[in-house]
**Student:** 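Shown below is the structure under consideration.
Small disclaimer: the values here were computed from a predicted structure and weren't measured.
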Amino acid sequence: MEKIRHIIPISGKDSLATALTQIAKEPNIDYEFMFNPTGEELPEVFVWIEKVEKYLGKPIIQVGESLGDIIEYEMNWFLPSRDRRYCTRMSKIEPMEKFIGKEPAFVYYGIRADENRGGYNNLRYKNITPVYPLKEAGINLAMVYKMNHNAGLKPPTFFWQRLWDEVVKRVDEAYIKATFKEWDIDALFAWRTRTNCSMCFNQRRYEWIGLLEHHPDLFWKYEGWEHNVSEYFFNGKGSPLKDLAENAEKIFQRRVNAVVKFIESTRQMKLNFQLLNSDDDKDFIDMLQVTSCGLLCGK
């Protein structure tokens, strides 16, 4: 009888909760855990992956291709963007499919019950069967946070101390702690919303400034890619990283204003986190529903 593989990719809060849910549901299955690195992840992510690995008691196999090499040698410095989303496919999905090969496999993905998004498109690989344990079990975002927290395995929160310090100058600290749950505070005061590539084009302007402040070597490496060898910008046409760096304090203060305005708005009405914008304090979006390139990218 042909062996069926059971593979759980882990890259962020939802995929980790998927692993915890599936193990609890069917603990006797011999699962393979996988992480798809591109070579552009932050060091905080690997600290977390090692922690998860120890908790699971099994190695998390790293299956991925260097995105830097893909950009340089295969794409000739044609940088990935919202209109050119080759990065996830070439550095994560294709290596994973190669890793699975022709063997029959169930792959467990982290789509929650409160999400409306597509799953893994496996038209070419009929041997791969996608499974969505969170969706099947009715597990939503709040439940994911609680599950990861209870296991002591929260992904990196990227807490921005300077943002906190500025906000509590204008909003009572006791009110923040009494009003918002831990995962809400994590999201409000993060300098980064995802655990995937540090050069992700889905980053908001304040996230690039957070990268500049916390990992300036990486910021200037990517600025060099833009400035020296490419005609394209990660943050979109007419918005090079050099310009963001020159306006870093202004962008940071916009983030401060947005967080303060959101917190103050809760004094007037009960909001369910559908109002916090990334870059300014005008049109708000759900800060917890961050844009992702796919099911293997920080999800």
Side-chain angles (χ1 to χ4, degrees), residues 1-37 41 44-64 92-93 96-97 99-100 103-122 125 127-157 181-187 193-196 272-273 288-290 292 294-299:
M1 183 176 178
E2 192 172 18
K3 180 183 178 181
I4 300 176
R5 299 170 69 181
H6 295 263
I7 300 171
I8 306 180
I10 297 176
S11 62
K13 65 184 188 310
D14 295 335
S15 54
L16 173 58
T18 296
L20 298 177
T21 299
Q22 186 58 31
I23 291 170
K25 180 182 177 182
E26 298 183 89
N28 296 324
I29 292 178
D30 184 20
Y31 297 103
E32 297 176 66
F33 303 106
M34 182 177 65
F35 175 59
N36 301 98
E41 290 80 14
E44 294 94 326
V45 175
F46 288 101
V47 171
W48 173 69
I49 286 291
E50 290 179 8
K51 188 176 181 180
V52 174
E53 194 172 51
K54 291 178 181 179
Y55 181 92
L56 296 174
K58 293 186 68 174
I60 298 176
I61 304 165
Q62 296 192 17
V63 179
K92 291 175 178 284
I93 295 175
M96 183 195 74
E97 292 172 340
F99 169 73
I100 295 173
E103 297 178 285
F106 289 99
V107 182
Y108 302 83
Y109 292 105
I111 295 183
R112 304 188 310 271
D114 57 349
E115 289 187 290
N116 181 22
R117 62 180 297 162
Y120 170 68
N121 185 347
N122 68 330
Y125 297 91
N127 59 307
I128 299 176
T129 302
V131 187
Y132 309 103
L134 300 183
K135 196 167 188 177
E136 293 172 1
I139 295 175
N140 61 23
L141 180 62
M143 296 164 73
V144 162
Y145 273 94
K146 290 178 181 178
M147 190 180 306
N148 293 341
H149 179 275
N150 291 341
L153 296 174
K154 280 199 314 182
T157 61
K181 297 185 183 299
E182 179 181 351
W183 52 83
D184 298 331
I185 292 176
D186 287 346
T193 57
R194 44 183 76 75
T195 56
N196 57 349
N272 190 27
F273 284 91
L288 298 179
Q289 301 292 340
V290 296
S292 173
L295 294 175
L296 302 178
C297 266
K299 178 160 173 55

**Student:** Distance check, rounded to the nearest 0.5 Å: Tyr108 atom OH versus Glu32 atom CD?
**Tutor:**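 Spacing of OH (Tyr108) from CD (Glu32) equals 11.0 Å.
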**Student:** Which atom pair, heavy atoms only, marks the closest approach of Asn127 to Glu103?
**Tutor:**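 Nearest pair, atom of Asn127 first, then Glu103: ND2-O, 2.7 Å.
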**Student:** Which value, rounded to the nearest 0.5 Å, describes the distance between Met96 atom CE and Ile7 atom CD1?
**Tutor:**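 Answer for the CE-CD1 pair, Met96 versus Ile7, is 7.5 Å.
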**Student:** Just by distance, do the side chain of Asn148 and the backbone of Leu153 share a donor-acceptor pair under 3.5 Å?
**Tutor:** no
**Student:** Would you mind reporting whether Leu20 and Tyr55 have side-chain heavy atoms less than 4.5 Å apart?
**Tutor:**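 When only atoms from C-beta onward are counted, Leu20 and Tyr55 do touch, with a gap below 4.5 Å.
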**Student:** Quick check for you: to the nearest 0.5 Å, what is the distance between Arg112 atom CZ and Leu141 atom CG?
**Tutor:**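 If we round to the nearest 0.5 Å, Arg112:CZ and Leu141:CG are 4.5 Å apart.
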**Student:** Any idea which heavy atoms bring Ala17 and Met147 closest together, and the distance?
**Tutor:**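 Closest pair (atom of Ala17, atom of Met147, distance): O-SD, 3.6 Å.
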**Student:** Are any side-chain N or O atoms of Lys135 and backbone N or O atoms of Ile111, one a donor and one an acceptor, separated by less than 3.5 Å?
**Tutor:**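 No; judged by distance alone, with no hydrogens or angles, the pair does not exist.
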**Student:** Testing the basics here: between Ser15 and Lys299, what is the closest heavy-atom pair and its distance to 0.1 Å?
**Tutor:** OG-O, 2.7 Å
**Student:** Taking atom CZ of Arg5 and atom OG1 of Thr129, what is their separation to the nearest 0.5 Å?
**Tutor:** 13.0 Å
**Student:** Which heavy-atom pair separates Gln22 from Pro133 by the least distance, and what is that distance?
**Tutor:** OE1-CG, 3.5 Å
**Student:** Can you list everything that forms a side-chain contact (heavy atoms from CB on, under 4.5 Å) with Leu56? Sequence neighbours excluded, please.
**Tutor:** Ile10, Ile23, Phe33, Val52, Ile60
**Student:** Can you classify the ring geometry of Phe46 versus Phe35 as parallel (below 30°), tilted (30 to 60°) or perpendicular (above 60°)?
**Tutor:**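 Plane angle over 60°, so perpendicular.
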**Student:** Please check this pair: side chain of Lys13 against backbone of Val144, looking for a donor-acceptor N/O pair closer than 3.5 Å.
**Tutor:**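 No: the side chain of Lys13 does not pair with the backbone of Val144.
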**Student:** Minimum heavy-atom separation for Asn36 and Pro9, please, with both atom names.
**Tutor:**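 Scanning both residues, the minimum pair turns out to be OD1-CB, 4.3 Å.
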**Student:** Just wondering, do Glu136 and Val131 contact through their side chains at under 4.5 Å, heavy atoms?
**Tutor:**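 Yes - at least one pair of side-chain heavy atoms lies under 4.5 Å apart.
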**Student:** Output the distance between atom CG (Asp14) and atom OH (Tyr109), rounded to the nearest 0.5 Å.
**Tutor:**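 One gets 14.5 Å once the value is rounded to the nearest 0.5 Å.
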**Student:** Determine whether a donor-acceptor pair (N or O, by modelled atom type, separation under 3.5 Å) exists between the side chain of Thr195 and the backbone of Ser11.
**Tutor:**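 At least one qualifying donor-acceptor pair exists.
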**Student:** Who pairs with Asp30 by side-chain contact (heavy atoms from CB on, under 4.5 Å), at least two apart in sequence or on another chain?
**Tutor:**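 Checked Asp30 against side-chain contact (heavy atoms from CB on, under 4.5 Å); matches are Lys3, Lys58.
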**Student:** Nearest 0.5 Å please: distance from the CG atom of Asn140 over to the NZ atom of Lys146.
**Tutor:** 8.5 Å
**Student:** Report the residues that fulfil side-chain contact (heavy atoms from CB on, under 4.5 Å) with His149, sequence neighbours left out, ordered by chain and then residue number.
**Tutor:** Lys154, Glu182
**Student:** Which atom pair, heavy atoms only, marks the closest approach of Pro155 to Gly12?
**Tutor:** CG-C, 4.1 Å
